[in-house]
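Just the heavy atoms: all of them, side chains too, but no hydrogens, waters or symmetry mates, feed the values below.
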2 protein chains.
Amino acid sequence: MKQRITLKHIAKTFNVSIATVSKALKDSHEISVATKLKIQEYAKLHNYRPNSIALSLLNKKSKTIGVIMPSILNPFFVKTFSGIEQVANEKGYNVIAIVSHGKLDKEISSIIVLENGLIDGLLISLSEEAEAKQHFSHLEEFIDNAGPIVMFDRVSDSVNTDKVIVDDFNCAYKATEHLIKTGCKHISVVSTLDNVGIIKLRIDGYLKALVDYNLPINRKIINLIKPGYDFETELKTMLDYQEVDAIIGLEEFSAVESMMIAQDRGYIVPDDISIISFTSSDFFKYTKPSITCINQHSVFMGKTAAEILISKIEQPLGTETVFETKTIKTTLIERKSTKPLVNNY
Amino acid sequence: MKQRITLKHIAKTFNVSIATVSKALKDSHEISVATKLKIQEYAKLHNYRPNSIALSLLNKKSKTIGVIMPSILNPFFVKTFSGIEQVANEKGYNVIAIVSHGKLDKEISSIIVLENGLIDGLLISLSEEAEAKQHFSHLEEFIDNAGPIVMFDRVSDSVNTDKVIVDDFNCAYKATEHLIKTGCKHISVVSTLDNVGIIKLRIDGYLKALVDYNLPINRKIINLIKPGYDFETELKTMLDYQEVDAIIGLEEFSAVESMMIAQDRGYIVPDDISIISFTSSDFFKYTKPSITCINQHSVFMGKTAAEILISKIEQPLGTETVFETKTIKTTLIERKSTKPLVNNY
DNA sequence: CTGAAAGCGCTTACAG
DNA sequence: CTGAAAGCGCTTACAG
């Protein structure tokens, strides 16, 4: 690694000032054609590239955005991230990715690092712990000091900023309704997450559907399995002691693992028990039976969030800031883990 | 967004110099306890944080690394990235993620952006196009001007730098051997990638195993499906016209999709046809039958690559640079898509 | 104990 | 047509 070439170097070799070199490279009309030519040629030959850190300091813009997600080993977040990366790159922004692993202190320390000029704006999906403790002052501090935030998926009403969400309530309602319409009466909800706003919304949507269709509510088959508890044990216990003819898995793992366990116990899917999964994975096509799921259009969600963020970053100073909450529509992808809809419903 | 507080602001409020404030905040012994105290208190109260861009410019270190991958919607790269992110964060580095989508010009333009002080070092898995065209000058330029590179998985011998790879040759040999030992004789290889070094290595390992076990080689069942060709059609044609009793999928998609297609045609897996996949996915547990695969320990690969890179970044100037190529060991995870090993082999 | 100066690499308004 | 100056936010060796 040799020394990177700078304006100073070029200035010295031609015995001109740094300012002249700077202008020459920008093809300024202030500079004579002769000097422009020789400087540009030399710069090209030596692969001169302006130092982006220096420009950041000057412009107070880093042309990079940050993304903080609870996990990256979760297909939903991977796809969202993919969407974010795409539009960021199109618009000339770099993206710094940070995984909070659901931990509040990781979230806070990351934001502190990013807060000092490193990024022009932040995309964040809240950590479980931030939601559980309702701790958001680090976000407000960021907004005050560093730039705009757009929250996606796991958001909080307490933070006044732009948001992109999935319509979790209706989405759960639709899934539940679909199960009811295919003849299910004892619909369980299974999740490995708790204390997260979206889970509450999904359960509310589920409950509403039950009420609307005059089905009884059985709290014992709303199975939020807390960390530390064994999924398999919890699920088997439920299947042993409760009547269940359908399971809505609130994330991929819960759905696919529930299906496996039920099948191992001899249940036929979907005849004995139907399965629907929140979050769509390409792999749901490949299970036996293939799994009916809700497509949350996560790539699109990522793109939308990034677009909003960048437009906020680039809006002229003094523009009145109006915050919007965009809801991404979901689709039910019908596969073989649910019974066909009865026509005469 | 208000104005971020700087040393200048603090200096002005206490009528001292910027230098004094800087030293006071570093708790320098040069400064009187009284001034240190009031300055520190004020800074804390107003949430002062040194501007990291300014520090980067000063130190010529940005404490961030770049990662360029061909794809992020591929579980192998996601896991590798996860490993990278983990150690980078432990060691206080930010990571900028860039997806090349297999395109050379995206790879080049990204490197140009990153080259100018933005990152201290780069992790890269080559794009298909860079490998196909054997174009690597952008990497050499980066190494010359910006900092160390560590290549992972898709590497090139032509670039003199550190590398972390999977032992693709032996890995394919092992997989093929396993199939032979379970009684397969007509082993096909299926991949949607071509022109990539690792694919060549895998095929070489496969061929070597066939030779060692005195099995005939049938080039017609080495099925490298080029972009634009329909996977299903290609695979069906092969199954129709060639004798095949095992398929090695060189990436997840090829394996799982091949299994589906074979099953749709009435093949029983593994009795009629065995399946092995390169790259391990959590989902392989959930297919019927579950899929035997090669675990490439991709998270570990990412961690290793990041560790090497950061050690290179942080090594004192003038340290003799010795490049190493680290090979990550792979494991065969036996599941139900292959027949059990016969004991008396 | 405090501060002026130089510098990291750049840009731009202003003089000459 | 060219350059000196000021500045982005910081640090550090050197004077006083």
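Side-chain N/O atoms of B:K60 include one lying less than 4.0 angstrom from OP1 or OP2 on C:dG9. Here A:K8 does not reach the OP1 or OP2 of C:dG7: none of its side-chain N or O atoms lies under 4.0 Å away. In this structure, B:S32 reaches the C:dT2 phosphate: one of its side-chain N or O atoms is under 4.0 Å from OP1 or OP2. For the pair B:T20 and C:dG3, the criterion of a side-chain N or O lying under 4.0 Å from OP1 or OP2 is met.
Between the side chains of B:E140 and B:N160, not a single donor N or O lies within less than 3.5 Å of an accepting N or O.
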Reading nucleotides 11-16 of chain C from 5' to 3' and marking B where a protein heavy atom lies under 4.0 Å of the base, S where only the sugar-phosphate is that close, and - otherwise, the string is BBBB--
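Helical stems in DNA chain D, defined as runs of 3 or more consecutive Watson-Crick or G-U wobble pairs with both donor-acceptor distances under 3.5 Å, are listed by first residue as C:1-3 with D:14-16, C:5-12 with D:5-12, C:14-16 with D:1-3.
With P as the reference atom, D:dA4 and C:dA6 are 15 Å apart, rounded to whole Å.
One N or O on the side chain of B:E107 and one on the backbone of B:S127 form a donor-acceptor pair closer than 3.5 Å. The main-chain N or O of A:N145 is never found under 3.5 Å from a side-chain atom of A:E115 such that the two would form a donor-acceptor pair.
Within 4.0 Å (heavy atoms only), A:T35 reaches sugar-phosphate atoms of the nucleic acid but no base atom.
Under the 6.0 Å cut-off for aromatic ring centres, A:H138 and A:F142 do not qualify, their centroids lying 6.0 Å or more apart.
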